[in-house]
**Student:** 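Submitted below is the structure of interest, expressed as structure tokens.
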Amino acid sequence: MEAHRSNAIALCEWFRANARELPWRELPSPYHVWISEIMLQQTRVEAVKPYYMRFMERLPDVQALANCPESVYLKLWEGLGYYSRVRNLHAAAEQIMEQFDGRLPASKEELLQLKGIGSYTAGAIASIAFGLPEPAVDGNVLRVLMRLMDCKWDIAAASTKKQVETLLADWLTLDGIRPGELNQALMELGALVCVPNGAPHCADCPWQASCRSCQNQTWDQIPVKTPKRPRRIEEKTVFVIQNQDGVFFHKRASKGLLAGLYEFPNVEGFCTQEEALEAVKSFGLRPIRIRPITDAKHIFTHIEWHMKGYAVMVELGEAGTDLLYVDVEQAQREFSIPSAFRAYKQYIGVEVEK
DNA sequence: AAGGCGGGGTA
DNA sequence: TACCCAGCCTT
């Protein structure tokens, strides 16, 4: 246990000297920590920064978030990915207003009752915002500790995470340890020194002398992780349908992939120009002109979209189906459109040549 | 335990 | 190209 203590102390000293200045570290209130931790799930620090700043400006507290309409919070999340995060964030804000008098609860057990908060996030909020000795085990922490112990357990296994949580629970109650600091230090070490891609910067590591993986030169074998299965490919035809006044969009279903976001009307499979015209007619619209536009590919974690595009000019009038007809400004302002359709946004407002 | 769920950086 | 990122939820 004494070896653990000296490791923990050395890591915290390293952290105090090397911690990055991050927006959510300026004033780590429970709300600030909560929002930042949700945004940081499976998402890099640099990607989160501008979203975090804008989110805090627009929704500075739990009440503002609880009262926020879906279109606004989805727009604030547009492009960040994993959109159920912000849906759960909003639901949890309502939960906090109703059950906890507008303040985040100060226990891991209660935090776990909130939508979108699992073991890691509950531990992060409990330790960083409330100073409680709760572990916060993410991918960084698993990698760092597996290397420290030269341990080849599968980090994709739930049992591995449990073991690490149990180990850290002891570290966090050691004399002179600030739980929030140690948890952040473990993650910071993983982000800056014991990096996931390429060789770790062992010369800069506060654990260099005690790290088994460094001694045994096994860093490239650790962590062990079961591979995920290959992506499936889906072919789609995407339509940028316009008339003189506006453009047509479709709101996706409230569950599943890209839930609740807006998309260009599209159909399964690759359409010829003739088939494309038929598809547009099936939307309840009368095409005037059509031309092929760019192909595009978008890679999700588990799916690959291969897209073929057509720009279509249609007669004035609403669609007979569930398409929404809006002017460009309204679309920009109110519609959250996923990055998958980035290649087609440039055709909005562009004349369709014969 | 396994699969669904985004998007982008990096080697 | 493949892997990973301050993971969570559903089945």
Side-chain angles (χ1 to χ4, degrees), chain A residues 15 19-20 22-25 28 32-52 74 77-89 91-92 111-129 135-144 154-162 165 180 182-192 194-200 220 223-232 252-253 255-261 263 297-305 336-342:
Chain A
F15 178 69
R20 291 168 290 182
L22 301 173
W24 44 91
R25 284 180 176 166
H32 289 136
V33 174
W34 175 37
I35 301 301
S36 66
E37 290 300 341
I38 299 296
M39 285 187 171
L40 286 162
Q41 290 170 5
Q42 298 292 286
T43 310
R44 292 165 190 279
V45 164
E46 289 310 312
V48 165
K49 279 182 183 172
Y51 284 89
Y52 175 84
L74 277 181
W77 214 266
E78 181 180 32
L80 195 56
Y82 287 137
Y83 298 94
S84 67
R85 289 185 292 176
V86 71
R87 226 173 262 291
N88 289 334
L89 212 44
L111 287 165
L112 281 169
Q113 296 170 21
L114 298 172
K115 290 279 187 193
I117 295 187
S119 180
Y120 163 76
T121 305
I125 298 173
S127 64
I128 300 171
V137 177
D138 70 340
N140 284 314
V141 175
L142 287 169
R143 182 177 61 257
V144 164
D154 179 7
I155 64 167
S159 55
T160 302
K161 187 173 171 182
K162 289 257 189 202
E165 284 177 341
L182 179 55
N183 281 337
Q184 291 185 81
L186 286 162
M187 294 187 273
E188 200 82 344
L189 189 70
L192 300 181
C194 199
V195 294
N197 302 317
D220 59 336
V224 173
K225 192 177 182 180
T226 53
K228 48 186 185 315
R229 36 195 290 281
R231 285 185 290 269
R232 67 176 181 274
R252 292 179 62 86
K255 294 196 171 191
L257 184 65
L258 304 171
L261 276 72
E263 63 183 356
K297 183 168 75 170
H298 187 80
I299 300 174
F300 299 96
T301 306
H302 56 305
I303 309 171
E304 240 180 85
W305 276 1
S336 186
I337 302 167
S339 300
F341 295 98
R342 173 171 300 158

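Just so it is clear, the values below take in all heavy atoms, side chains as well, and ignore hydrogens, waters and symmetry mates. Below, chain A is the first sequence line, B the second, and so on; all start at residue 1.
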**Student:** I need the NZ-P distance between Lys228(A) and dT1(C), as an integer number of Å.
**Tutor:** 14 Å
**Student:** Side chain of Lys297(A), heavy atoms from C-beta onward: which of dT1(C), dG7(C), dG3(B) has the nearest atom to it?
**Tutor:** dT1(C)
**Student:** Would you indicate what Trp24(A) reaches in the nucleic acid, counting non-hydrogen atoms under 4.0 angstrom: base, sugar-phosphate, or nothing?
**Tutor:** base
**Student:** What nitrogen or oxygen pairs link the protein and nucleotides 9-11 of chain C at under 3.5 Å?
**Tutor:**
from, atom 1, to, atom 2, distance (Å)
dC9(C), OP1, Gly116(A), N, 2.7

**Student:** Any sub-3.5 Å donor-acceptor pair from Thr160(A)'s side-chain atoms to Asp154(A)'s backbone N or O?
**Tutor:** yes
**Student:** Using whole Å, report how far CH2 of Trp34(A) lies from P of dC8(C).
**Tutor:** 14 Å
**Student:** Using the P atom on both, measure dA6(C) against dA11(B) and round to a whole Å.
**Tutor:** 14 Å
**Student:** Not counting sequence neighbours, which residues clear side chain to side chain donor-acceptor pair (under 3.5 Å) with Lys297(A)? List them please.
**Tutor:** none
**Student:** How close or far is atom P of dG3(B) from atom CZ of Arg231(A), stated in whole angstroms?
**Tutor:** 15 Å
**Student:** Taking only residues two or more places apart in sequence or in another chain, which ones pass side-chain contact (heavy atoms from CB on, under 4.5 Å) with Ser339(A)?
**Tutor:** His298(A), Arg342(A)
**Student:** Starting from P on dC8(C), measure out to CG on Leu111(A) and report it in whole angstrom.
**Tutor:** 12 Å
**Student:** Apply side chain to side chain donor-acceptor pair (under 3.5 Å) to Arg20(A) and list each qualifying residue two or more places apart in sequence or on a separate chain.
**Tutor:** Glu188(A)
**Student:** Got Trp77(A) and Leu89(A) here, is their nearest side-chain heavy-atom distance under 4.5 Å?
**Tutor:** yes
**Student:** NA contact type, Val141(A), heavy-atom cut-off 4.0 Å: base, sugar-phosphate, or nothing?
**Tutor:** nothing
**Student:** If the condition is side chain to side chain donor-acceptor pair (under 3.5 Å), which residues does Arg252(A) pass it with, not counting sequence neighbours?
**Tutor:** Glu263(A)
**Student:** Whole angstroms only, please: what is the CG-P distance between Leu40(A) and dC8(C)?
**Tutor:** 12 Å
**Student:** In whole Å, what separates the P atom of dC8(C) from that of dG8(B)?
**Tutor:** 22 Å
**Student:** Could you tell me how far apart Lys161(A) (NZ) and dG7(C) (C1') are, to the nearest whole angstrom?
**Tutor:** 7 Å
**Student:** Would the distance check show the side chain of Arg143(A) and the main-chain N or O of Ile155(A) forming a donor-acceptor pair, the cut-off being under 3.5 Å?
**Tutor:** no
**Student:** If only atom types and distance count, is the side chain of Thr43(A) paired as donor or acceptor with the main-chain N or O of Gln41(A) below 3.5 Å?
**Tutor:** yes
**Student:** Can you list the steps and then say if Trp24(A) with Tyr52(A) is a ring pair (Phe, Tyr, Trp, His ring centres under 6.0 Å)?
**Tutor:** CA-CA 8 Å; Trp24(A) 44 91; Tyr52(A) 175 84; 5.3 Å; yes
**Student:** For Ser119(A), which contact category applies under a 4.0 Å heavy-atom criterion: base, sugar-phosphate, or nothing?
**Tutor:** sugar-phosphate
**Student:** If only atom types and distance count, is the side chain of Arg85(A) paired as donor or acceptor with the main-chain N or O of Tyr82(A) below 3.5 Å?
**Tutor:** yes
**Student:** What contact category does Leu189(A) fall into here, base, sugar-phosphate, or nothing, at under 4.0 angstrom with non-hydrogen atoms?
**Tutor:** nothing
**Student:** Do nucleotides 5-11 of chain B as a string where each nucleotide becomes B, S or -: B if the base has a protein heavy atom under 4.0 Å, S if just the sugar-phosphate does, - if no protein is that close.
**Tutor:** BBBBB--
**Student:** Say you pick atom P in dC5(B) and the same atom in dT1(C); how far apart are they, in whole Å?
**Tutor:** 23 Å
**Student:** Check the distance between dA6(C)'s P and Lys49(A)'s NZ and give it to me in whole angstrom.
**Tutor:** 13 Å
**Student:** Take the protein atom NZ of Lys225(A) and the nucleotide atom C1' of dC4(C), then report the distance between them rounded to whole Å.
**Tutor:** 7 Å
**Student:** Need one value for Ala158(A): base, sugar-phosphate or nothing, where a base atom within 4.0 Å counts as base even if backbone is also close, heavy atoms only.
**Tutor:** sugar-phosphate
